[in-house]
Structures are given as structure tokens and as C-alpha cells.
Novice: 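This is the structure I want to talk about, given as C-alpha cells.
Start at 1 with the first residue, then count along the sequence. In this text, all values refer to a predicted model and were calculated from it rather than measured experimentally.
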Amino acid sequence: MKKYIVYVGILVIGIIFGWLLFGNSSEEKKAHDHAEVSETNKMWTCSMHPQIMQPEAGDCPICGMDLIPAETSQDGLNANEFKLTKNAMALANIQTSLVENTINRDATATLSGKIAENEETNEIQISYFSGRIERLYINFTGEKVQKGQLLATMYSPELVAAQQELMTTASLKETQPALYNAVRNKLKLLKISESAIQKIEKSGIVKENFPIYATVSGTISEKLVTQGETVKQGTTLFKIVNLNTVWANFDVYENQIEQFKKGQEILITTQTNLNKEFKGTVAFIDPVVNTNTRTVKLRVELNNKEQFLKPGMFVKGKIKIVHNSSEQNLTIPASAVLWTGKRSVVYVKTTPEQPIFKMQEITLGSKIDANYEVLEGLKSGDEIVTNGTFTLDAAAQLQGKKSMMNRNGGKTMTGHEGHLDMEESTALNNEKYTNINQRMEVSKDFQKQLKVVFNEYINLKDAFVKGDSEAGIEISKKLLNNLSQVDMKLLINKEVHQHWMSIEKEIKASATFISKTADLKKQRNHFKQLSSWLTKAIEVFGINEKVYHQFCPMADGNKGAYWLSTEEKVINPYFGKAMLTCGEIKQVIE
């Protein structure tokens, strides 16, 4: 019995001793196995391109830098989602609404357009005989003329010879009437009146200088000759336009074409007098789409007897869109949309109970009243942000999420990483910004400081007109210095402050690139980017000066490029002397 007790005691002691020897190593192995599992689940990213996520260490496929361990979210959010605190929601005044299908009856669309001459009333004044212009009675374009008014006098050897023939055949009109009548008809074909022919025949004196009278009433739109110039028969002397009627040409996007028909009534207002309305009807819809702007021209003919409407004047048109009574459209408020050139984005609340959001790219249809039709990207029942959108976008940028200015997400850096694509950035022209480009209230001191930056921009533009890359380097450095002097403390409103920070960063990046290269082509390429962001700054903050937003469709390899000018006259900075006047005014920023 004692023997068995001894054996049992030895066994127990052995078990205890074995646990002391091997228990800790088992725990260590377990911990080690857990670490291996954690290491296995780790994701790797690039410090310069945080949108890159790979399950293993290696090189960044974009820049070649070594990948680093990615931070893991403790909130259980998806990669593109971000969360705001309740305090931040209140400060930013974030408001949301549900996307709904609505039935639109007699909705109103607003179109942007420009007044043009009525081509059907345009006339040309030609010379019916060759000769030398002895005197011009029209001295400048824009002068009004009446039918029958004396425009010029001409000396014509051809007419002198024809008069001499008339006097010779006048004595033979009884014996050779056919010859006499042929000479008279020759003078009539040269537009010499019957009364003038009779005076010549009766006086027997050859008239050397013949008058040229206006054949129509109107306004001289082009003066194509000068005093003392020799012209041939059929040469155009003047172009005359009748402005009693004018055309209003509006741009209609491809997805809007079906909403407009000939005969629709439209109300037109001008920027000079918003209270005065002009009624018209759609007279013509261009059957060909403009390949540069992807729009068609919608034309309205307007009565202009008071001469209030001037060719080149910008106008707005309101036109009713009559939808089928059963047609439903997905619509969202215009205030919800942020534009980034070609892209339009909104912020969607992904969790009803919590302030969790993500950026969503959408495809818009036409603008109807204060709403946009949504063709793609949203569905009925989605909850989107309709107020405080830009502040929310700034929060997304700071958290390295997808945002308006950072399509792929990731922490925004100080260089080109946070830039829009060059093509997208250039496209902000024109009617392409909505909510974020409304004029914000800022102090006059801030506007003065921004104007100093703008003045240096104009100097930079002039340097590129001359093709002077060395001057471009020096001026861009001055622009950067002036930009650093802009006091952001003057922007008290948080949303305005954040807006300026985003724009200032892009202006600084573009000017920095220009200052670091003597390659004129590269400088002009970054000048295109600089122009886009400075345009946005002036539209939003203002500089208390009229600025012309100009566009050349042939710049940047026929992609088109914008620039700003203080002059109405187009002087192109992208081609210099090669095509100095290529372009047109797209917008006047008051």
C-alpha cells in the first residue's frame, strides 16, 4: 500500500514540475501565434499615396516608395466613410434631406446665353464698279446709317469711259437706238440711277466722282476700306447689321435636348436690369452638337426696337419644361452639389442613427428651379447633406477620405498629391460651380490682399503673352510672396476660412511649379491650373474689380484653357504671337 502511495506522490510531483517547466512556453507560443495572426491581417500603405492598400509589404506601385503599416480604424468604418462629433455637426450646421422621386409639372429651367446679331438681317454694302475711294463719310464702326444715306464717293475710270460712250451714242439714238440703249443699260448695271443718267446726258459733262449710297438702314458692324484705297468691282465696303431684332443664343446640354421644342415661350433677363423681362419663343434648335462643349444652340428671336439688347450681352432665360404627368424624376437640391470640373459630388449619410458620411459621385441631368435631376449615383431614400456641404468636404480631406479635391482619398499633401486632374481643374468655368461658388461675405481688407495676388497674376499672364519664361519665374515668386501675406485671420467664418485654405493651397502649388521650371510649355500648363483656382477665389471672395474670364478652345492640345484678364480685349497667354487673339469672353465677374 505504501508503495502505491509513493508512486502516486511521485506522479503528482512530476505533473507539478512539468507544468512549471513547460506551462510558460505554451503561453508564450500562444501569444506568439496570436502575434503572427495579427501580423498576417496587417495592411500596408504608402505615406505619399494612402489610397494604396496591400496585404503585404513592398513598393508603392505609383511612386516606388517602401510601404508602411496602415492604421486600423477603431470605429469599424468602411474605407471611405468618416464620422463627425455632435459638436462638429452643430458648429457646421450640417443639414440633410432624403432623396425622393418627384413628378414635375410645368417646372422651370434656367439657361445661360448671349445676345447675337440677327444674321437674317445682316447686309453688306459692295462697290458696283472698280475705282479709288476719294472720300469716306463713315468714320467708325457702330455708326447708324439710313437707306439712301451718302457713304462715300469714288473715282472710277470705268464710269468715266461709260459716260463718254453715253454722250457719243446720244447723238445716234435716232439712227442707232440699239447701241444707245446698250450704253444706258451698261450704266444701269453699274447701279447708276435713271435720274443721274439723264443729268449726265442733258449736261454733257463727264462726272468724275460718283456717290455711293446705303442700300439698307442699320448699324455699321465692320468698316472694311479706308479713304484713298483702290477697290475692285464687288468689293465689300461695309457690313451693316439691323439691330431692330436680335438673337438670344442659349447653350443646352445633351441630356436636356428633349425638354425643349420650337415654339416654347421663354422669359429673358439681362445682367444690367434684372427687373426688365423680354418675351420670346424658341425659333431654332441646332441639330448639331458642339464637340468641345457637348451642347447645342437654342435660338430665340427678340424684338429690339429700343436697342436695349446689345450683341455680346450675357442673358438668362427661364423656360417652362412640361413633363409627362406620369414621369417621375429623382431630384436633389442644388445646394447639395459640389462641382469639380467634370465631376459632381454629394455627401451621403450612410448610417441613419449616427453622423457617418461618405462622398458619392453622381451624374446630373438638367437644373429645374432650385433642384437638379440625378441620372446616376443615388437612389430614392438616400439621405444626403444639403447644408454645410463644403465644411463636410473639408473634414473628409483632413481625415484622408475621398473628397471633392482628393478623388482617391488619402492625406492631402502640400504638393501635387491633393490636386485635381489638370483637365478637371480647367473645366471649372463656367457655370460649372454651384453652391461653393456663391459670393461669400469677407472683409474689404481681405479683398485688397487678394487683389494684390491677382495683380501679380496679371503680370504673369502678360509674361506668357510675350513668351518670357524667365520673367514667369520671377513673377511667380512675387505672387507666392504676396500670397503668403494674405491674412487668413480676417476670415472669421469657419466655412469661409476652410474654403480659402483649400484654394490657397492649390494656388501656391501651381505658382511653385511655375517658379521652378524655365520650360515655357510646362509653365503655361501650370498657369492653366493657377487660373482655374484663382478664378474660383475671385468668384467666391471678390476683389472689387470687373474681371473677364476668357477661354481659348485650341489651348492645351484642343482641350481648351481659361485665363483671367482686366481687359475685354482677348490677348491669349497660351500661344503668344502665334495666335494672340484666339479666344472669347465666357464670363464677366463683377
Side-chain angles (χ1 to χ4, degrees), residues 82 84-85 87-95 334-340 345 347 357 359 385-401 403-406 411-415 418-420 425 428 432-458 476 478-512 529-547 549 564 589-590:
F82 62 97
L84 294 185
T85 64
N87 187 41
M89 288 280 290
L91 286 173
N93 192 23
I94 303 295
Q95 297 176 15
S335 62
V337 182
L338 295 177
W339 292 89
T340 65
V345 303
Y347 278 91
F357 305 91
M359 187 201 78
V385 176
T386 54
N387 190 70
T389 318
F390 190 81
T391 304
L392 197 66
D393 185 81
Q397 292 180 56
L398 293 173
Q399 295 188 35
K401 304 298 183 178
S403 63
M404 176 185 69
M405 297 186 184
N406 196 353
K411 297 290 184 183
T412 304
M413 310 301 288
T414 58
H419 272 41
L420 295 173
S425 178
L428 28 102
K432 306 301 184 270
Y433 270 84
T434 53
N435 182 46
I436 60 172
N437 263 14
Q438 295 172 359
R439 182 61 56 85
M440 291 182 171
E441 297 243 349
V442 296
S443 70
K444 289 184 178 180
D445 288 338
F446 181 84
Q447 289 180 327
K448 287 178 182 178
Q449 293 175 6
L450 180 58
K451 189 175 184 299
V452 174
V453 176
F454 172 73
N455 290 341
E456 213 60 65
Y457 165 89
I458 293 298
S476 60
K478 292 179 182 178
L479 189 150
L480 285 167
N481 181 59
N482 292 333
L483 186 65
S484 67
Q485 302 300 316
V486 177
D487 187 2
M488 288 188 288
K489 294 178 182 177
L490 296 171
L491 303 176
I492 301 172
N493 181 281
K494 183 179 178 181
E495 183 174 354
V496 177
H497 188 94
Q498 289 176 329
H499 198 164
W500 167 247
M501 286 179 64
S502 298
I503 295 175
E504 186 261 355
K505 178 196 66 178
E506 300 294 342
I507 294 174
K508 181 179 179 181
S510 299
T512 301
Q529 180 85 343
L530 173 64
S531 299
S532 297
W533 288 104
L534 194 58
T535 298
K536 182 179 170 187
I538 292 173
E539 284 181 329
V540 173
F541 304 111
I543 57 172
N544 287 323
E545 182 177 348
K546 181 183 286 188
V547 179
H549 196 204
L564 297 171
I589 307 172
E590 298 289 349

Novice: What are the two closest non-hydrogen atoms of Gln529 and Ser510, and how far apart are they?
Specialist: CG-OG, 3.0 Å

Novice: Taking Asn93 for the side chain and Asn387 for the main chain, is one N or O donor matched with an acceptor at less than 3.5 Å?
Specialist: no

Novice: Could you state the interatomic distance from CG (Asn544) to NZ (Lys448), rounded to the nearest 0.5 Å?
Specialist: 9.0 Å

Novice: Hey, are the side chains of Val547 and Phe454 touching, using non-hydrogen atoms and a 4.5 Å cut-off?
Specialist: yes

Novice: To the nearest 0.5 Å, how far apart are CZ in Phe541 and CG in Leu450?
Specialist: 8.0 Å

Novice: To the nearest 0.5 Å, what is the distance between CD1 on Ile507 and OG on Ser502?
Specialist: 11.0 Å

Novice: What heavy-atom pair brings Ala511 and Leu480 nearest, and what distance separates the two atoms?
Specialist: CB-CD2, 3.6 Å

Novice: What's the shortest heavy-atom distance between Ser335 and Thr386, and which atoms?
Specialist: OG-O, 2.9 Å

Novice: Between Asn482, Val486, Leu483, which is the residue that forms a side chain to side chain contact (heavy atoms under 4.5 Å, CB included) with Gln449?
Specialist: Val486

Novice: Counting C-beta onward and ignoring hydrogens, is there a side-chain heavy-atom pair between Lys505 and Lys508 closer than 4.5 Å?
Specialist: no

Novice: Quick check for you: to the nearest 0.5 Å, what is the distance between Ile503 atom CD1 and Leu534 atom CG?
Specialist: 9.5 Å

Novice: Short question: side chain of Gln95, backbone of Gly388 - any donor-acceptor pair under 3.5 Å?
Specialist: no

Novice: Check whether any side-chain heavy atom of His549 sits under 4.5 Å from a side-chain heavy atom of Thr535, and report yes or no.
Specialist: yes

Novice: Taking only residues two or more places apart in sequence or in another chain, which ones pass side-chain contact (heavy atoms from CB on, under 4.5 Å) with Asn455?
Specialist: Lys451

Novice: Would you name the heavy atoms of Ala336 and Thr389 that are closest together and state the gap between them?
Specialist: O-CG2, 3.7 Å

Novice: Which atom pair, heavy atoms only, marks the closest approach of Phe446 to Asp487?
Specialist: CD1-O, 3.9 Å

Novice: A side-chain contact here means heavy atoms from C-beta on lying under 4.5 Å apart; do Leu490 and Val442 qualify?
Specialist: no

Novice: For the residue pair Phe357 and Phe82, does the interplanar ring angle fall in the parallel (under 30°), tilted (30 to 60°) or perpendicular (over 60°) class?
Specialist: tilted

Novice: Might you point out which heavy atoms bring Leu530 and Leu479 nearest each other, and give the distance in Å?
Specialist: CD2-CD1, 4.3 Å

